[in-house]
Number of protein chains: 2
Amino acid sequence: MSTILDVARLANVSAMTVSRVINGSARVNEQTRLRVQEVMQQLQFYPNSNARGLVLKETRLLALLISDITNPFFTTLARGAEDEAKRLGYRLIFGNSDENIGKEKEYLEMLLSTRVDGVLIAPSGDDSFENLQLLQNKELPFVIIDRDIPGLSCDKVLGDSLLGTHQIMEHLIAQGHRRIAYLSGSKHISTSRLRLQGYTEVLAKHGLQVDPSLVVETNYKLSGGQEAVQHLLQLTNLPTAIFAANNFLAVGAIKELREHGLRVPDDLSVVCFDDLDLLSDLNPFLTVAAQPSYDFGVKAVELLIDRIGGSATDHRQIVLPPQLIIRRSSRSI
Amino acid sequence: MSTILDVARLANVSAMTVSRVINGSARVNEQTRLRVQEVMQQLQFYPNSNARGLVLKETRLLALLISDITNPFFTTLARGAEDEAKRLGYRLIFGNSDENIGKEKEYLEMLLSTRVDGVLIAPSGDDSFENLQLLQNKELPFVIIDRDIPGLSCDKVLGDSLLGTHQIMEHLIAQGHRRIAYLSGSKHISTSRLRLQGYTEVLAKHGLQVDPSLVVETNYKLSGGQEAVQHLLQLTNLPTAIFAANNFLAVGAIKELREHGLRVPDDLSVVCFDDLDLLSDLNPFLTVAAQPSYDFGVKAVELLIDRIGGSATDHRQIVLPPQLIIRRSSRSI
DNA sequence: TTGTAAGCGTTATCAA
DNA sequence: TTGATAACGCTTACAA
């Protein structure tokens, strides 16, 4: 790989002049500029951003740390983040933490070494607090996405779990459901807790009690949904509807129900938070509170880059609204 | 951020000794080693991989360039690549080229500047040849994934388009279909061409002619599938089955058929290459030739890292077999 | 308008 | 076993 010095020599100028041409950072004689550019072309010269980063203390590298890229919510979010990062001249490193705080920490340390300019993170849970404090200590800008962390002051892009849950629960109740199970993710994740809160609120509003046997805490994975349903099926008095706190839980739940010969929505209605994107195109099946996942990515990158640029002052929080989409997985009883 | 020199000073050693402790690159007195490690801990020191990269000429950064992360085939592939990269101590930058050769080039140049150690790329098409030659000129190791490029000698991880197409077409024919449409991606993409070839071969084997009006060339996007179906629906003699060259085409096609009031598989059968992963868990609908997308990612990273390490000599090609999964989108007539 | 010198944080090399 | 020095490729600050 040729260096700025190779270019300089061939163009009969100093390295500084080449640097100025590359960055347009100062006036350069038109003649020399053309000559330099010609040589750069000829040498197929690409400036070493490693060296550049070393002196400038910026890498133009961002990181996106999510639990699992194969979750459509995060897939689309990643696409949004990548598009926006590219538009603004940044590249994106991505990592999957699998809802695991240890793995999350490993990544964060890797990223600290990489000297990324900033981090977008969907924290694995409240315990991520410590991990994020590390970033704060190191003054590495970050934005948390999708999941809030109590007591942590930082830039945030969140959904509205309460609103979405109200939409979903009111829908189920309007359809005549009274025994509604709630499949929760870990209670150490804000979205799980808020959706439980919303669930309780709506039931109360309609004079209904929470039946503890219908609230199952598991984790935001397909297997979590399957396990939760196995648990529910042991009840003598089955629920008529299941509200899953996220899409993976719902898919796992439906899969498990089918394996036990139960049909959705004939035997049980199933609804959840977060859409399935492509899946919904093919076969609009699941009733969901859909979140604008692409915008989550775009907005988060915007906040992050503002923060990096230093133009941001106070911490900002963006809340993106969910939208109830009624499809075939829920029915009147 | 503290530097190796800060650590050195506090531990009363030279920077070199710290470096040796970090990398385990040479014997260091046990006492000193402990002292240095303690200071590193205390300072929360993370070595600057920028500086490291500058002297070592390696960044431990890989890039994954695909057309669209929201395509389940690539989503899962990305997950496989990221897992394997992480396991081997590499980080992964990702980019979406949207089947666009210009965008692909932009990315590649960005990556050249970033001095990634290697690139995993699903080329946008045969014209990517030039883009990849640039990498070869620059001696930047790369592996092409999923799509072959005629005349290009390099490491490759490919599927078996002919085999998969034979499986699919034999299935349709066994079900009694004779008028089968082929929805092709761009003919400048190897997989499109090979699947067309397989389509022709199987028809011929059964004494059937290719009806040119049933072969529609479009692009590997949802909109491509929609447009292709609009085109087909103008025929007076409709096909009884559609074979879509990839999953996006199939989903787009089905969506469009539904909007015209046609039901799948009642009115038309639809089958395609590549599965829909999560979607298939929820609702096993589409009959497909599924490819082991996760392994595509894992294998590609392995080839790439062998190449980077210099342990690879001749170019290698890995072919991963497809598997026919018969579901409800195709039926006997 | 252009160039020189120093420095960014690390490691290879050679010397002690 | 440890350290001094130079170098990696670039940009900032200053000088010409």
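The sequence lines fix the lettering, A, B, ..., with proteins before strands; numbering per chain opens at 1. Values in this document were obtained by computation on a predicted structure and should not be read as measured data.
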>> Tell me the interatomic distance from A:Leu5, atom CG, to D:dC10, atom P, rounded to whole angstroms.
In response: 9 Å

> With a non-hydrogen cut-off below 4.0 angstrom, is A:Thr32 in contact with a base, only sugar-phosphate, or nothing?
Replying inline: sugar-phosphate

> Nearest of C:dT2, C:dA5, C:dT1 to any side-chain atom of A:Thr17?
Replying inline: C:dT2

>> Do the side chains of B:Glu84 and B:Lys86 get close enough for a salt bridge, i.e. N-O under 4.0 angstrom?
In response: no

> Picking from D:dG9, D:dT11, C:dG9, which would you name as closest to the side chain of A:Thr3?
Replying inline: D:dG9

> End-to-end bend of the helix from C:dT1-D:dA16 to C:dA16-D:dT1 (five-pair axes, 10° rounding)?
Replying inline: 40°

>> Here's a test for you: under side chain to side chain donor-acceptor pair (under 3.5 Å), which of A:Glu104, A:Glu106, A:Glu109, A:Lys105 qualifies with A:Asn131?
In response: A:Glu104

>> Given D:dA4, D:dG9, C:dC8, identify the nucleotide with an atom nearest to the side chain of A:Lys57.
In response: C:dC8

>> Taking the six-membered ring for Trp, are A:Phe73 and A:Phe296 closer than 6.0 Å centroid to centroid?
In response: yes

> Taking atom P of C:dG9 as reference, at what distance in whole Å does atom CD1 of B:Ile22 sit?
Replying inline: 13 Å

> Between D:dT11 and A:Arg52, is there an OP1 or OP2 to side-chain N/O distance shorter than 4.0 Å?
Replying inline: yes

> Quick one: which of C:dT13, D:dA13, D:dG9 gets closest to the side chain of B:Met16?
Replying inline: C:dT13

>> Let's see if you can work this out: which of C:dT1, C:dT11, D:dT11 has an atom nearest to the side-chain heavy atoms of A:Asn29?
In response: C:dT1

>> Using whole Å, what does the distance between atom P of nucleotide D:dA4 and atom CD1 of B:Ile4 come to?
In response: 14 Å

>> Rounded to whole Å, please give me the gap between CG in A:Leu43 and C1' in D:dG9.
In response: 15 Å

> So which nucleotide from C:dT2, C:dG3, D:dG9 ends up closest to the side chain of A:Ala51?
Replying inline: D:dG9

>> Please classify the nucleic acid contact of B:Ser25 as base, sugar-phosphate, or nothing, using heavy-atom distances under 4.0 Å.
In response: nothing

>> What is the separation between atom CZ on B:Arg27 and atom C1' on D:dG3, rounded to the nearest whole Å?
In response: 18 Å

> Salt bridge or not for A:Arg316 and A:Asp306, using N-O below 4.0 Å?
Replying inline: yes

>> Nearest to the side chain of A:Ser14, heavy atoms from C-beta on, is which of C:dC8, C:dT13, C:dT4?
In response: C:dT4

>> I want to verify a distance call: between C:dT11, D:dT12, D:dC10, whose nearest atom is closest to the A:Asn48 side chain?
In response: D:dC10

> Between D:dT2, C:dT1, D:dC8, which nucleotide gets closest to the side-chain atoms of B:Leu54?
Replying inline: D:dC8

>> Is it true that, when you exclude A:Lys156 itself, more than 12 heavy atoms of the residues, nucleotides or ligands shown sit nearer than 6.0 Å to its NZ?
In response: yes

> For DNA chain D, whose closest nucleotide is more 5', that of B:Arg115 or that of B:Arg35?
Replying inline: B:Arg35

> Once you round it to whole Å, what is the distance between P of D:dT1 and CD of B:Gln31?
Replying inline: 13 Å

> For A:Asn50, which contact category applies under a 4.0 Å heavy-atom criterion: base, sugar-phosphate, or nothing?
Replying inline: nothing

> Within this structure, what is the CZ-to-P distance between B:Arg9 and D:dT2, rounded to whole angstrom?
Replying inline: 19 Å

> Between A:Glu58 (CD) and D:dT11 (C1'), how many Å, whole number?
Replying inline: 12 Å

> Does the distance from a Lys or Arg side-chain N to an Asp or Glu carboxylate O, for A:Glu302 and A:Arg307, drop under 4.0 Å?
Replying inline: no

>> Which residue in the set A:Ile121, A:Leu304, A:Val301, A:Ile145 passes side-chain contact (heavy atoms from CB on, under 4.5 Å) when paired with A:Leu64?
In response: A:Ile145

>> Just checking B:Phe94 against A:Phe94, ring centres under 6.0 Å apart?
In response: yes

